[in-house]
Amino acid sequence: MSQDRYTPNEIELKWQARWQASNAFACSHESDKPKYYCLEMFPYPSGNIHMGHVRNYSIGDVVARVKRMHGYNVLHPMGWDAFGLPAENAAIKHKTHPAKWTYANIDNMRAQLQRLGYSYDWSRETATCRPEYYRWEQEFFLRFLEKGLVYRKKAPQNWCPSCHTVLANEQVIDGLCWRCDSRVEQKDLTQWFLRITAYGDELLEDLARLEGGWPERVLAMQRNWIGKSHGAAIAFTLEKPLPGKERIEVFTTRPDTVFGVSFLTLAPEHELVEHLIDGYEKADEVRAFVARIRNMDRLERQSDVLEKEGIFTGAYVRHPFTGERVPLWLGNFVLADYGTGAVMGVPAHDQRDFEFARKYALPVKVVISPKDAPLDPAAMTEAYAGEGVMIHSGEFDGMPNTEGKQAVARKLEADGNGRATTQFRLRDWNISRQRFWGAPIPVVYCDACGVVPEKRENLPITLPLDAQINEDGRSPLPQMDSFTRCTCPQCGGPARRETDTMDTFVESSWYFARYTSARKEDGPFDMDALRYWMPVDQYIGGVEHAILHLLYARFFTKALRDLGYFPPDLEEPFSRLLTQGMVLKDGSKMSKSKGNIVAPSEMIDKYGADTVRLFCLFAAPPERDFDWSDSGIEGASRFLQRVWRLFMDEESRFLPVRGCSSTAADVQNDTARDLRRREHLTVKKAGEDMSRRFQFNTAIAAVMELVNAMYLAREKMGQDEGDRRVFSSAMASVLTLLSPITPHICEELWERLGHTSSLQDEPWPVWDETALQQDSVTIALQVNGKLRGTIDVPAQADKAALEAAARDDAAVQRHTAGLTIRKVIVVPGKLVNIVAN
RNA sequence: GCGAGAGUGGCGGAACUGGUAGACGCACUGGACUUAGAAUCCAGCGGUUCAUCCGUGGGGGUUCAAUUCCCCCCUCUCGCACCA
């Protein structure tokens, strides 16, 4: 190895080999130390690490390494979210099996992560596509089925024609597939659902537990997505009862406006439509309307420019309070899968109903009267949705509408016509996927017994490794007799296996728990390990998972807790969440099509892993997006060169000491005192920025200042013992503070400093308050709040002395000449402000 | 429309509890070293009419003092949105 040039690649490979050989970051739950579980969202093994991964994992690695140095027993695992569509596409392209492509990518990406020197406990590595992993998911599925948390339902589903599979509601973004941006179609299919709505209330309420630990906007997004609204269910009796159906129920958040109802609107998909129009002379027109609306795709249907349209069904209901006849309409704006698929129309107090009523000449009845401004239905140009007093509302007349909400609901309940209730926007999670590369759903279809769950002792149901993916992307499983042919677990007769696989978001909903006992074979989790490690103390990943993954994982945690797999007091999986920003290039997201990709491997070859890590952390605070800058990484590289050179230039004066080890007795001159003070100041600031605030950019800036100070100090400092100790201590602090960010160069210099132990076992240095004290301080002098000068005064100077010094100052005198001094504000150690006019 | 966040030099960003706005880095400029360049080191670097005045998206307010607190407005980013 060369003696004085900084050769990052040599150094980094040397230390990485050592870490690997000694399993340096392995941990166990059998420990007396306090635990810290640091987790970054695991990657999909697409083939190569990209800059977004580097940023994500560099942030996590700093957190993990800092916590270790603070004495925590740190769990910092890594694995692979290995099921998914790209593997199938690649398999088609290369005429191979998705497993082969996936495992090759994992090997490649593991090597890339190791080349970045991340401190993972590799002995816990998992890949979700391995039967040892997904067999437990199949077991959860069976337990969910027993508990009614899994059910089968036929309903219109989101179908992506390009991916040949259904999608969950969360995976449809603006009517497009989250993965390939194809237009999502609606298709009637029988699918498996996870009853996430059973946990709707808990998922919403427990967001309060995450307050402070999770970004506000993620909490807001989840609240929004769960979408709980309070209101009432109100039943309207059908004028002509249908077989087994006498009433139509609506959900409303405004029961106080019930006396203003002038029509009811049903979704075109409402199950009763065909019965309602039976015998109506214009039934065919209604059928044509329904057909037209149903044929619209989701994007068109949900567009906000879509005109409100409706049609009368010929049927009527009776108002629960007045007994009035209310016409039943169908409307294209009514959602079949929200509430009851039916709404009451109150044109005077709901803008959408108002527009509908004006269009179809339906009556507008004012029942809420705003203070001092009575409404005239004929003159209204828009609905009045504000507060007021109830009028034309029978027994409720004169009541403030805010009270009326509950009063009406109580009366409805007493009369058997409704009740106060809530509605969620959240829907159950469709987990069926018509794809090959996923965990098989462990049920069979038997002609005799119907749908039968697989026996637990038959798990795992493994994916065949001899499958050949169809050219058009459809799953080969339905055509594979070897897979589908099976015996019924109930009657022993011939049966067919389910060929749908589970949504890959199921695997990522519990992987964090599997890491706590990743090699366990006789069960999914070791309860002692779960109790020790869970919850994850710090979770780090992209904000794009704010709803999908983070909501599903929270749901799984609660469901597995209730099934006894998780400790009963484990409420939430992730105590703290950091959503890191994206790495952009030229202002936009890096992508192949834009050709603006910066490959981490090229940067590592050119500058070394330490420099790449340093730049990713220095460029911006972690939550913010940052634009990759070629000259910026040059700057990061320059800084590490500077640290290296400082060490080499001064090698002869270094002693093998720790950070903050010099004492006041070592200080024999001003330069040494200033340097020692700067060292302690840096340890204080960088330490707080790294462990408390997660502001790595300012922590690095502080260390840069210390290094600059050392460059300036070195010429003025001598070779005597005291100066050497002060200078060496500062160097040791630089290396210790920087080691979580740039571990390789720091370990190397630490070793060259003469230490035999590793820096990762070094305790975090502790700054000394007395070292921060100064003899003199600079005080700002203000006149009327404006800075007019500064003076250096003894640190202990009292208020009177400060005021006197300020009045003596020439600049102050110039700015107060001819004025009367009214007041003098003295903030010791900071400033003197003279108020004069 | 609702919700969340942001707006500071040429650029990325700093200022944590109201107390010297612009730390640190990039870019740029000058100097040293060098035959020259690169690298390195040192210094400068918001604007200005330069002992002045202006300046943290705009306007008001509180205060001795506001990037920071309060009110109103503008712009941008993200999420949700015919959810009854």
Side-chain angles (χ1 to χ4, degrees), chain A residues 173-174 215-225 227-229 231 250-254 257 264-265 267 301-308 331-335 337-346 350-353 355-356 423-426 543-544 546-547 579 615 618-621 623-636 638-639 641-642 645 649 685 688-689 692-693 695 697-705 707-708 711-712 715 778-790 810-811 814-815 822-827 829-836:
Chain A
I173 315 290
D174 295 333
E216 190 50 45
R217 74 168 167 149
V218 175
L219 295 174
M221 281 162 77
Q222 292 220 350
R223 249 180 238 120
N224 207 330
W225 190 263
K228 184 178 185 177
S229 34
V250 303
F251 172 75
T252 179
T253 54
R254 294 294 304 273
T257 65
L264 247 56
T265 322
R301 181 92 180 263
Q302 291 194 345
S303 146
D304 48 3
V305 296
L306 182 71
E307 205 191 330
K308 285 168 197 44
N332 64 346
F333 57 87
V334 182
L335 306 171
D337 55 355
Y338 181 77
T340 59
V343 294
M344 62 185 206
V346 185
D350 180 282
Q351 185 58 26
R352 194 193 43 212
D353 295 343
E355 288 166 29
F356 195 78
Q423 276 296 328
F424 288 91
R425 189 187 168 283
L426 181 70
V543 74
E544 65 273 17
I547 294 170
T579 50
F615 178 62
F618 182 61
E623 305 83 1
R624 212 176 299 188
D625 289 350
F626 83 82
D627 211 273
W628 182 268
S629 150
D630 290 332
S631 52
I633 193 168
E634 290 280 354
R638 207 140 51 208
F639 171 65
Q641 303 270 9
R642 212 165 132 78
R645 207 161 41 239
D649 288 354
K685 164 133 184 81
E688 282 179 8
D689 285 355
R692 186 172 60 83
R693 301 205 306 155
Q695 298 276 307
N697 54 331
T698 53
I700 293 163
V703 178
M704 285 173 167
E705 285 187 80
V707 171
N708 290 346
Y711 264 92
L712 291 178
E715 260 118 64
T778 304
I779 296 288
L781 300 180
Q782 297 182 335
V783 176
N784 292 329
K786 286 185 176 151
L787 183 70
R788 296 304 180 189
T790 58
R814 203 168 48 246
H815 285 93
R822 302 287 175 193
K823 203 169 168 186
V824 178
I825 283 131
V826 180
V827 184
K830 293 270 188 201
L831 57 75
V832 179
N833 187 14
I834 293 171
V835 186

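Chain letters run A, B, ... following the sequence lines, proteins first and then strands; every chain starts at 1.
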Report summary line: Protein heavy-atom contacts under 4.0 Å, written 5' to 3' over nucleotides 23-29 of chain B as B (base), S (sugar-phosphate only) or - (none), form the string BBSSS--
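A:Ser229 meets the side chain to side chain donor-acceptor pair (under 3.5 Å) test with A:Tyr338; sequence neighbours excluded. Every residue two or more places apart in sequence or in another chain that forms a side chain to side chain donor-acceptor pair (under 3.5 Å) with A:Arg822 is listed here: A:Asn837. Contacts of A:Arg788 classified as salt bridge (Lys or Arg N to Asp or Glu O under 4.0 Å), with partners at least two apart in sequence or in another chain: none. Evaluation of the ring pair (Phe, Tyr, Trp, His ring centres under 6.0 Å) rule for A:Phe615 yields A:Phe626, A:Trp628 as partners, not counting sequence neighbours. Shown here are the side chain to side chain donor-acceptor pair (under 3.5 Å) partners of A:Thr253, two or more places apart in sequence or in another chain: there are none. Listed by chain and residue number, nothing satisfies the salt bridge (Lys or Arg N to Asp or Glu O under 4.0 Å) test with A:Asp625 (two or more places apart in sequence, or in another chain). Partners of A:Lys830 by side-chain contact (heavy atoms from CB on, under 4.5 Å), not counting sequence neighbours, listed by chain and number: A:Val827. Residues meeting the salt bridge (Lys or Arg N to Asp or Glu O under 4.0 Å) test with A:Arg642, sequence neighbours left out: none. Partners of A:Glu544 according to the side chain to side chain donor-acceptor pair (under 3.5 Å) rule, which considers only residues two or more places apart in sequence or in another chain, do not exist here.
Residue A:Thr778 is in base contact, counting any heavy-atom pair closer than 4.0 Å across all strands shown. Using a 4.0 Å heavy-atom cutoff across all strands shown, A:Lys228 reaches no nucleic acid atom at all. Residue-level contact check: A:Tyr338 touches the bases, meaning some heavy atom is under 4.0 Å from a base atom. A:Pro215 comes within 4.0 angstrom of no nucleic acid atom, judged by non-hydrogen atoms across all strands.
Residue A:Asp627 contributes atom CG, which lies 10 Å from atom C1' of B:C11 at whole-angstrom precision. Rounded to whole Å, the distance from CE on A:Met344 to P on B:C83 is 14 Å. One interatomic measurement links the two molecules: CZ of A:Arg425 to C1' of B:C82, which rounds to 13 Å at whole-angstrom precision. The distance from atom CD1 of A:Ile173 to atom P of B:C80 is 6 Å, rounded to the nearest whole Å. Taking atom CG on A:Asp630 and atom P on B:G12, their separation rounds to 16 Å, with Å as the unit. Across the protein-nucleic acid pair, A:Arg352 atom CZ and B:G1 atom C1' stand 14 Å apart, rounded to whole Å. The interatomic distance linking A:Gln695 (CD) with B:G13 (P) rounds to 12 Å, in whole Å.
Checked against the 6.0 Å centroid threshold, A:Phe639 and A:Phe618 do not count as a close aromatic pair.
For the pair A:Thr253 and B:C83, the criterion of a side-chain N or O lying under 4.0 Å from OP1 or OP2 is not met.
Checking B:A84, B:C53, B:U20 against every side-chain atom of A:Arg788, the shortest atom distance belongs to B:C53. Taking the side chain of A:Phe333 as heavy atoms from C-beta on, and the options B:C82, B:A14, B:U20, the nearest nucleotide is B:C82. Nearest to the side-chain atoms of A:Tyr711 among the listed nucleotides B:C82, B:C42, B:C16 stands B:C42.
Glycosidic conformation at B:G9 (O4'-C1'-N9-C4 for purines, O4'-C1'-N1-C2 for pyrimidines): syn, within 90° of 0.
Residue-to-nucleotide contacts include a donor-acceptor pair under 3.5 Å from the side chain of A:Arg692 to the base of B:C16.
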**Report entry** Base-pair map of RNA chain B as dot-bracket, where | denotes pairing with a different strand and pairs are Watson-Crick or G-U under 3.5 Å
**Finding:** (((((((..(((......[....))).(((((.......))))).((.....))..(((((..]....))))))))))))....
Under 3.5 Å, which N/O atoms of the protein pair with N/O atoms of nucleotides 62-69 of chain B?
unit_1 : atom_1 : unit_2   : atom_2 : d
B:C64  : OP1    : A:Lys823 : NZ     : 3.4
B:C64  : O2'    : A:Asn833 : ND2    : 3.0
B:C64  : O2     : A:Asn833 : ND2    : 2.7

